[in-house]
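Below you'll find the structure, written out as structure tokens, and then a few comments.
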2 protein chains.
Amino acid sequence: MAEGKTYGTVLIKAKHILDYMMSVDSGVTLKDISEGVHSPKSTTLKILTTLSDQNMIWRNEESKKYYFGTELIGYGQRAMADFDISRISLPYLTKLRDETAETVHLGVEQNNKVIYLQKLESPQSVNLKSRIGGKLNLYCSAMGKALLADKTPSELDEYFSEVTLKASTQYTVTSISRLYEQIEDIRERGYSIDDKENQEEVICVGATLRKHNKVFGAFSVSTPEYRIDSDKLGKIIDYVLETKESIEKEL
Amino acid sequence: MAEGKTYGTVLIKAKHILDYMMSVDSGVTLKDISEGVHSPKSTTLKILTTLSDQNMIWRNEESKKYYFGTELIGYGQRAMADFDISRISLPYLTKLRDETAETVHLGVEQNNKVIYLQKLESPQSVNLKSRIGGKLNLYCSAMGKALLADKTPSELDEYFSEVTLKASTQYTVTSISRLYEQIEDIRERGYSIDDKENQEEVICVGATLRKHNKVFGAFSVSTPEYRIDSDKLGKIIDYVLETKESIEKEL
DNA sequence: TTTTTTAGTTTCTCATTTGGAAACCAATTT
DNA sequence: AAATTGGTTTCCAAATGAGAAACTAAAAAA
């Protein structure tokens with residue numbers, strides 16, 4: 001509330017609609033959307049119609065359900081390409097995936113979250129569910145905690161004042177002081193660990209990527225708990241630190 | 001012009017901006033965009049600012065150039081998933097790629113164009129440039145001509161009245177009567193051929209995918225000319241027809 | 001250095017667009 | 001046949017939007 005003048009109210013509402021659609025399964029009705037974004041049906045319908053005309057979404061005329069549309073595909077591909085962090089680090093991350101035989105993610109921070117830019121899947125048959133474009137909390141993910149560890153004290157204060165720490169699993173650390181301890185460790189060691197704090201049974205090792213001392217992203221290796229022991233964890237950590245070094249050297 | 005009431009002018013303008021950005025290389029200035037979309041700087045800036053606030057785009061504060069933003073990544077991924085044509089046909093198209101060792105594309109029609117939904121790359125070192133989300137003309141591509149061949153006479157009339165046939169290469173067919181002949185052939189044979197009509201040196205074989213006699217997409221195999229002879233072409237055609245049959249059976 | 005040009009930002013105002021309550025309609029369900 | 005549910009249309013006071021012009025900052029030219 002307050003802030004300068006508003007501009008683009010319809011555009012902002014359209015964005016809310018897309019975000020709502022992202023948060024639920026495919027195929028949404030007008031009613032759902034209208035309730036989901038707290039906007040009356042008449043208004044919502046008009047936006048949906050315009051969005052359809054622009055092929056940003058489409059609707060199945062029989063079921064009257066809405067889906068994401070083709071135009072967004074090109075934009076999404078282009079957005080990925082426009083983060084050249086992907087292009088540069090991809091070969092190294094692929095190597096990391098092959099060395100560890102586990103899933104590797106690349107992400108950037110945005111609005112107190114990490115967004116997946118890339119996912120390199122483990123070749124093994126038991127695999128992890130995650131999606132490019134998906135979002136994670138900073139405080140309970142390996143990439144996120146690595147990013148936190150690179151923040152200044154005042155940035156950290158700001159972050160913790162804006163965010164509500166909510167347990168995703170029984171292992172999630174929701175105490176700010178314990179998180180500060182972890183952040184201290186991460187700074188010393190150069191890597192972060194998510195020990196089932198985000199998803200039950202999944203352990204991740206992460207690190208940030210810097211250029212001219214400025215952080216611009218993070219990556220991590222994720223593995224199901226049953227597939228890891230302290231020996232393998234040690235190796236993964238070594239590979240992560242090597243990968244971080246190689247990528248940063250390239251820049 | 002005319003049509004019902006306008007709604008969402010800002011949304012539509014924002015779309016124009018994104019489309020303009022798609023049509024040029026990454027990193028665009030306000031001036032370029034403003035000229036590109038024929039809208040004054042003041043108006044354009046306001047939209048760009050809102051779009052940035054929403055993380056649909058971002059700008060490099062030093063160079064003041066605009067790029068596609070992270071939010072679009074998730075939408076794009078979701079849009080691909082929402083065309084379940086991809087999910088169903090992917091295994092068959094992968095098989096086709098492996099059988100032919102050439103690049104396979106999957107696309108849908110939209111606004112008199114074909115949009116690439118999937119690209120399965122040839123394992124060979126000489127490869128083709130194309131991008132998921134990219135667009136092709138119907139009249140000079142294998143997928144496009146296959147789609148044309150599935151249209152009714154009045155749909156074809158409409159298409160040709162709306163589109164301007166422009167040669168992309170020296171081989172592009174720009175005569176409507178010759179295209180009608182080709183369409184007749186495609187209907188008889190069940191597959192279409194693009195013989196360097198879209199890109200010099202690239203030959204493609206395509207076919208549509210139907211469900212309950214309704215077309216919902218098309219796919220194609222593309223190969224550089226030097227890698228093909230009439231024997232291999234025959235094989236590719238067979239594989240394409242087989243793949244079409246398998247996928248349509250699945251539905 | 002100073003001047004000129006170029007590109008980005010801000011301001012202001014009238015005309016246009018928008019929001020959303022309510023009426024309406026069509027299809028299910030009871 | 002009645003009731004419910006969800007999609008569509010209408011309408012106008014009130015809020016937003018367009019864009020010319022003035023302004024500022026930075027880069028290029030003199």
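Here is the naming used below: chain letters follow the sequence lines, and residue numbers restart at 1 for every chain.
Listed by chain and residue number, A:Leu148, A:Lys151, A:Phe160, A:Tyr180, A:Ile183, A:Arg187 satisfy the side-chain contact (heavy atoms from CB on, under 4.5 Å) test with A:Leu156 (two or more places apart in sequence, or in another chain). For B:Glu248, the salt bridge (charged side-chain N to carboxylate O under 4.0 Å, His left out) partners at least two apart in sequence or on another chain are B:Lys244. Shown here are the side-chain contact (heavy atoms from CB on, under 4.5 Å) partners of B:Thr9, two or more places apart in sequence or in another chain: B:Thr6. Not counting sequence neighbours, A:Pro91 has no partner by the side-chain contact (heavy atoms from CB on, under 4.5 Å) test. The ring pair (Phe, Tyr, Trp, His ring centres under 6.0 Å) check on A:Phe83 picks up B:Trp58, with sequence neighbours excluded. The side-chain contact (heavy atoms from CB on, under 4.5 Å) test applied to B:Ser26 returns A:Arg78, A:Asp82, B:Tyr67, not counting sequence neighbours.
Rounded to a whole Å, the NZ atom of A:Lys31 is 22 Å from the P atom of C:dC25. The separation between A:Lys65 atom NZ and D:dG6 atom P is 12 Å, rounded to whole Å. Atom CD1 in B:Ile33 sits about 12 Å away from atom C1' in C:dG8, given to the nearest Å. At whole-Å resolution of the value, CD in A:Glu35 and P in D:dG6 are 8 Å apart.
In this structure, A:Asp32 and B:His38 both approach DNA chain D, and ranking their closest nucleotides by distance from the 5' end singles out A:Asp32.
At distances below 3.5 Å, at least one donor-acceptor pair connects side-chain atoms of B:Asn60 with backbone N or O atoms of B:Glu62. Here the side chain of B:Thr169 pairs no donor or acceptor atom with the backbone of B:Gln199 at under 3.5 angstrom.
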**Report entry** Where protein sits on nucleotides 9-14 of chain C, one letter per nucleotide: B base, S sugar-phosphate only, - none, heavy atoms under 4.0 Å
**Finding:** BB----
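Residue pairs satisfying the salt bridge (Lys or Arg N to Asp or Glu O under 4.0 Å) criterion with at least one member in residues 41-55 of chain A, sequence neighbours excluded, are absent. The salt bridge (Lys or Arg N to Asp or Glu O under 4.0 Å) pairs that include a residue from residues 14-24 of chain B are A:Glu71-B:Lys15, B:Lys15-B:Asp19, where partners are two or more places apart or lie in different chains. Within the structure, salt bridge (Lys or Arg N to Asp or Glu O under 4.0 Å) pairs that include any residue of residues 158-168 of chain A do not occur (at least two apart or interchain).
A heavy-atom distance below 4.0 Å to DNA chain D is reached by these residues of residues 9-21 of chain A, ordered by number: A:Thr9.
If one axis is set at each end of the helix from C:dT1-D:dA30 to C:dT30-D:dA1 from five pairs, those axes are 40° apart, to 10°.
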